[in-house]
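I have placed the structure first, in the form of structure tokens, so that the comments after it can refer back to it.
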Amino acid sequence: MSPDLLRNVVDALPSGELERKLATGRPLRVKLGVDPTSPDLHLGHTVVLGKLREFQDAGHKVVLIIGDYTARIGDPSGRSKERPAASGEEVDANAKTYQAQAFRILRDDPDSLEVRFNSEWLDMPMESLFRLARTTTAAQVLERDDFAKRFKANEPISLLELLYPLMQGYDSVAVKADVELGGTDQKFNLLLGRDVQRAYGLPEQAVLTLPLLVGTDGVKKMSKSLGNYVGVTDPPDEQYGKTLSLPDEAMGEWYRLLLGRPPDTGASPRDAKRTLAREIVARFHGPEAATAAEAHFDRVFVQRQAPEEMEERTVDGVDNELVHLPAVLSDAFGLSRSEARRLIQQGGVRLDDEVVAQPDVAAAALDGRVLRAGKRRFVRLRLRAAV
RNA sequence: GGCGGGAUUCCCGAGCGGUCAAAGGGGACGGACUGUAAAUCCGUUGGCUCAGCCUUCGAAGGUUCGAAUCCUUCUCCCGCCA
């Protein structure tokens with residue numbers, strides 16, 4: 001087999017299974033399931049998607065399952081009210097953007113890609129659900145590490161959550177998956193998919209798990225809720241800056257998982273990271289955007305200057321009339337006036353390069369100047385004579 | 001069905017009649033520093049017409065000079081026993 005398909009793979013289970021399937025010579029159906037609970041993909045998702053792409057390139061067929069049904073039910077994980085079930089429109093919209101973003105990595109052609117929605121088969125009669133539910137015991141599901149922990153700690157586990165792995169397994173039945181991919185956290189679910197397939201008299205899928213990419217904090221896995229992610233659709237400047245904030249220790253892993261190669265041996269950490277950031281931006285926005293993002297970063301964060309382009313804000317007032325800056329800041333950056341006042345007190349507000357000491361400033365002193373809050377927020381002021 | 005525990009500011013979590021806009025941690029934000037939006041250190045973190053005032057502690061009532069803290073009802077959540 002092509003050794004490439006196992007590059008970066010953590011588990012390939014059962015051992016030798018993928019090889020046996022590849023040896024048949026027929027194109028394999030390689031499944032990935034995603035719940036469109038959030039519209040945005042981040043770099044962590046691209047690790048698995050990249051592997052799918054390798055399968056496509058090797059002549060296999062990727063079956064991308066959009067979990068519109070599972071997402072609609074909503075993640076039931078305890079915790080009262082915070083996660084309401086996504087509405088139908090939301091899910092549909094997310095599914096669309098999700099696909100569009102996934103196609104930045106996957107090849108979008110009917111021979112090597114099939115996109116399915118699991119509402120197609122999961123919206124099933126009770127009777128069918130019973131059949132599915134009979135395939136697995138409570139003990140089996142409770143073995144899963146996170147359930148086991150919660151169970152032990154007397155934390156709530158809803159029945160619906162227990163059903164989740166089964167539904168995911170049924171997806172494999174419905175699309176007759178030969179292989180299913182997922183992050184290492186999916187190992188249990190992927191393996192359970194085999195049991196479900198067997199119960200339905202189908203050949204069992206091979207299971208491949210891929211490493212979870214650490215987030216920009218270098219410690220926890222990348223996830224939107226932890227805020228340590230670099231989004232596929234983030235603007236170039238954001239992608240570049242977020243990547244540079246990655247701790248040096250995590251750089252090797254990002255190189256391996258995202259670029260498929262180690263950092264240049266001669267390069268300093270600084271340069272290696274800049275290269276990494278540039279390549280990431282280039283992948284999603286093109287090389288020119290990458291160059292521009294780097295220039296922007298140097299200008300704003302290394303040289304501490306205002307960016308070349310920024311939004312403008314009109315301020316009413318003439319001559320020596322005093323303008324209340326907290327109001328302007330609040331308007332421009334969405335702060336409350338109290339927050340803005342505190343910012344000023346803390347020396348976090350500048351006009352051009354001068355720290356603003358007083359909340360009220362003469363109107364004449366504002367026109368054309370750059371109002372800056374902290375390191376990252378800028379706005380150019382334009383004076384307009386009050387009517 | 002019975003018994004018990006709980007709902008606090010962005011999150012977790014202390015408070016259990018006044019000294020509470022409410023400890024502590026996380027996060028976020030600002031400052032210093034830096035190759036960095038990292039790390040570290042310092043500070044801030046309900047709103048406002050800001051030395052004062054207003055609105056918060058699941059909801060609605062009540063007791064009290066005074067309630068996040070006590071009482072009543074309600075809503076929701078969790079565990080245990082069956």
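Here is the naming used below: chain letters follow the sequence lines, and residue numbers restart at 1 for every chain.
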Using atom [atom1] of each nucleotide, how far apart are [N] and [M] to the nearest Å?
{"N": "B:C12", "M": "B:C78", "atom1": "P", "answer": "15 Å"}
{"N": "B:U49", "M": "B:G43", "atom1": "P", "answer": "28 Å"}
{"N": "B:G15", "M": "B:C70", "atom1": "C1'", "answer": "15 Å"}
{"N": "B:A32", "M": "B:A39", "atom1": "C1'", "answer": "14 Å"}
{"N": "B:G2", "M": "B:A68", "atom1": "P", "answer": "33 Å"}
{"N": "B:C57", "M": "B:A22", "atom1": "P", "answer": "15 Å"}
{"N": "B:C16", "M": "B:G66", "atom1": "C1'", "answer": "16 Å"}

Is it the case that [X] and [Y] place a side-chain donor and acceptor less than 3.5 Å from each other?
{"X": "A:T70", "Y": "A:N118", "result": "yes"}
{"X": "A:N189", "Y": "A:Q168", "result": "yes"}
{"X": "A:S172", "Y": "A:E180", "result": "yes"}

Tell whether A:Q346 reaches the base of B:G31 with its side chain through a donor-acceptor pair below 3.5 angstrom. no

Paired nucleotide for [N] [Watson-Crick or G-U wobble; both distances under 3.5 Å]:
{"N": "B:U64", "value": "none"}
{"N": "B:G1", "value": "B:C81"}
{"N": "B:A7", "value": "B:U75"}
{"N": "B:A28", "value": "B:U44"}

Presence of A:S338 side-chain N/O under 4.0 Å of B:G46 phosphate oxygens OP1/OP2: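 No.
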
Would you say A:R377 places a side-chain N or O within less than 4.0 Å of OP1 or OP2 belonging to B:C29?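 So the side chain of A:R377 is outside the cut-off, no N or O lying under 4.0 Å from OP1 or OP2 of B:C29.
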
Name the residue closer to the 5' end of RNA chain B, choosing between A:S330 and A:G227 according to the nucleotide with the nearest heavy atom. A:G227

Given that A:A373 and A:R337 both sit by RNA chain B, which one's nearest nucleotide is further toward the 5' end?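 Counting from the 5' end, the first nearest nucleotide belongs to A:A373.
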
Between A:Q345 (CD) and B:U44 (P), how many Å, whole number? 11 Å

Basic-acidic side-chain contact under 4.0 Å: A:R107, A:D57: yes

Do the side chains of A:V379 and A:V300 join up, straight or via other hydrophobic residues, at under 4.5 Å, putting them in one cluster? no

Going 5' to 3' along nucleotides 32-38 of chain B, which nucleotides have protein heavy atoms under 4.0 Å from the base (write B), which only from the sugar-phosphate (write S), and which from neither (write -)? -BBBBBS

Does atom CD of A:E354 have more than 12 heavy-atom neighbours, drawn from other residues, nucleotides or ligands, at distances under 6.0 Å?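 Check fails, neighbour count at 12 or below.
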
Flag this pair as yes if the NZ/CZ of A:K242 is under 6.0 angstrom from the six-membered ring centre of A:Y229 and inside a 45 degree cone about the axis; otherwise no.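 Verdict for A:Y229: a cation-pi partner in A:K242.
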
